[in-house]
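Everything on this sheet refers to the single structure shown next.
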Amino acid sequence: MSKTIIISNRLPLQISLEDNQLEVTPSVGGLATGLKSFHKDGDSIWIGWSGLTEEEIPKNLLDDVKEKARKEACVAVNLSEEEIEGFYYGFSNRTIWPLFHYFMEYTEADKEHWETYKSVNRKYADEVLKHYEDGDHIWVHDYQLLLVPNMIREKQPEATIGFFNHIPFPSYEVFRTLPWRDEVLKGVLGADLIGFHTYDYERHFLSSVSRILRHQVNFNEITLPERIVKVDSFPMGIDYNKFESAAHNHFKNTEEQRTELQRRLDHHSSETPEAKLILSIDRLDYTKGIANRIRAFEYFLDNHPEFIEKVRLVMLAVPSRSNVPQYQRLKREIDELVGRINGKFSTVSWTPIWYFYRSMPFENLIDLYTSCDIALLTPIRDGMNLVAKEFVATRINQTGVLILSEMAGAAHEMNEALIINPNNFEQISQALIQAIEMPKEEQQQRNKTLQKRLKRYSVEKWASDFMSALANTSQDREAFKAT
Ligand code: ADP
Ligand code: G6P
């Protein structure tokens, strides 16, 4: 029977070493959390990195790592420290990530990183080829593996290959600055179907293909000399039922079952019942606009002192890519900003910002989503932003207000949220006031519409739409051969 081979840089499970014992935790990030639901139901295997480098895995635990992955239908790709440095911290996260998010001043063009990126992409492609059987569908994910589709195509010309880009695709004027732009486009074009979260990313990609490689582009079809490549947008959804039922269960928790965090959150509401909790959750990443968000919150308190002691910003930043200098600098900047603002506004009974820099278990995410009144998500650029969708899905009594940056892919589908420009502090401040004062009925009306849409366009629907479109490409291939 044919299967789907999913391939992404990271596996949905992360393996780490604690006192010479292997520990397994779920991966953070939209790609892993979203795709996990598809993987668990389907007949698929998932190829990716386990989170440990070759040097870190003690020889006697090598088979255990494989076994832990195998139990979840995963295959762990072994990467050395040097490969992780050049491929992951290097080309993926110091070149492609900043460039595709329009942070050109952060974008490096290091030839050695590029060489390692190529050889590691080859390693992933070889692993796929080891597991590939005729009739399988291959689904490659994200910016770390842009060259993999064509590397597979060269060895298996008849394979059905899909590629999904989880981050923005920048405009031609930005993309053209990449020294290896031709190779990157040719790599992706090894796929039969290329998917993006939004129509804007799709049209930026098509424009780069036509202007750089001079291929003929008709609507959403690229004609290569030997094949047709389809390009389309598939906005990724969430596992709606999982978040909705987690919220239901959360409210059923007995006193003993409540987490420590929940007790603190409840304590806050009982002490200051009219005070609003404003939530933000992100990986600590410069694209997420965390520093700007804190500055906007300061602007709000400076200009509206009537809200002092009436609001609190609860900010969870999950550690991410901490070997990259920009992430280290951002961490210091946030520490400093939080310290300064808490110092400036705190009273004996109130601190304006609660800041957590750590990863939290799923039940704590649900505690935060369900206990806060407002979600303030202000990315400078974001491919999608699943946190926005998860917040709405957990609001089972339909109260709560989402304030969302127009720069997030999710904003295209979430018009009922308060949409803001993350660089406009006055607008953010006004949106906060509107959210704080919004009547309950209006909150419920907005969330009802949002929930209906999120339920319909769930992650299951996203994956099945993509996979059906991928299956249909085989007809196009036959038709093309016949011409
Ligand atoms: P990105 O993919 O850029 O990190 P998204 O908002 O699209 O941003 O996705 C973040 C995902 O990571 C969400 O699905 C969220 O639930 C998940 N997440 C955030 N914090 C944690 C955490 N501490 N533990 C597990 N998952 C988390
Ligand atoms: C984003 C990217 C994913 C990535 C995730 C977490 O969602 O699109 O490809 O896995 O961030 O980042 P990390 O570098 O920790 O894998």
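Start at 1 and go down the list; that is how both ligands and their atoms are numbered. Keep in mind that the numbers below use all heavy atoms, side chains included, and drop hydrogens, waters and symmetry copies.
- Here the side chains of I6 and I47 are not in contact, with every heavy-atom distance at 4.5 Å or above.
- Counting only heavy atoms of the protein, atom 7 (O) of ligand 2 lies nearest to G30 N, 3.6 Å.
- The protein atom (non-hydrogen) at minimum distance from atom 8 (O) of ligand 2 is D142 OD2, 2.5 Å.
- The distance from ligand 2 to the heavy atoms of Q144 drops below 4.0 Å at these ligand atoms: 9 (O).
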What does the contact table look like for ligand 1 (nitrogen or oxygen on each side, cut-off under 3.5 Å)?
from: ligand 1; atom 1: 2 (O); to: G30; atom 2: N; distance (Å): 2.7
from: ligand 1; atom 1: 3 (O); to: R283; atom 2: NH2; distance (Å): 3.0
from: ligand 1; atom 1: 3 (O); to: K288; atom 2: NZ; distance (Å): 2.8
from: ligand 1; atom 1: 4 (O); to: R283; atom 2: NE; distance (Å): 2.7
from: ligand 1; atom 1: 6 (O); to: L386; atom 2: N; distance (Å): 3.1
from: ligand 1; atom 1: 6 (O); to: V387; atom 2: N; distance (Å): 3.2
from: ligand 1; atom 1: 7 (O); to: L386; atom 2: N; distance (Å): 2.9
from: ligand 1; atom 1: 8 (O); to: K288; atom 2: NZ; distance (Å): 3.0
from: ligand 1; atom 1: 9 (O); to: G30; atom 2: N; distance (Å): 3.1
from: ligand 1; atom 1: 12 (O); to: G29; atom 2: N; distance (Å): 3.1
from: ligand 1; atom 1: 14 (O); to: T33; atom 2: OG1; distance (Å): 2.8
from: ligand 1; atom 1: 14 (O); to: E390; atom 2: OE2; distance (Å): 2.5
from: ligand 1; atom 1: 16 (O); to: E390; atom 2: OE1; distance (Å): 2.6
from: ligand 1; atom 1: 16 (O); to: E390; atom 2: OE2; distance (Å): 3.2
from: ligand 1; atom 1: 23 (N); to: S359; atom 2: OG; distance (Å): 3.1
from: ligand 1; atom 1: 23 (N); to: M360; atom 2: N; distance (Å): 2.8
from: ligand 1; atom 1: 23 (N); to: M360; atom 2: O; distance (Å): 3.0
from: ligand 1; atom 1: 24 (N); to: M360; atom 2: O; distance (Å): 3.1

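- Of all atoms in ligand 2, listed by their number and element, those nearer than 4.0 Å to a heavy atom of R283 are 1 (C), 6 (C), 11 (O).
- Using a non-hydrogen distance threshold of 4.0 Å, V28 registers as a contact of ligand 2.
- Ion pairing between K448 and E416 fails under the 4.0 Å rule for side-chain N and carboxylate O.
- Protein heavy atom at the shortest distance from atom 16 (O) of ligand 2 is R10 NE, 2.6 Å.
- A side-chain donor from one of Q398 and Q451 sits under 3.5 Å from a side-chain acceptor of the other.
- A donor and an acceptor atom, one from each side chain of Q262 and D266, are located under 3.5 Å apart.
- The aromatic rings of H197 and F164 sit perpendicular, their planes meeting at an angle over 60°, well past the 30° parallel limit.
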Salt bridge (Lys or Arg N to Asp or Glu O under 4.0 Å) between K230 and D192, intermediate numbers included: CA-CA 6 Å; K230 280 265 162 64; D192 297 290; over 6 Å; no
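- Geometrically, K242 engages F362 in a cation-pi contact defined by less than 6.0 Å to the ring centre and at most 45° from the axis.
- Ligand 2 has no atom lying under 4.0 Å from any heavy atom of H141.
- Looking at Y88 next to ligand 2, an N or O pair under 3.5 Å apart turns up.
- Judged by a 6.0 Å distance limit and a 45° cone about the ring axis, R10 is not positioned over the six-membered ring of W46.
- For atom 12 (O) of ligand 2, the closest heavy atom belonging to the protein is R321 NH2, 2.9 Å.
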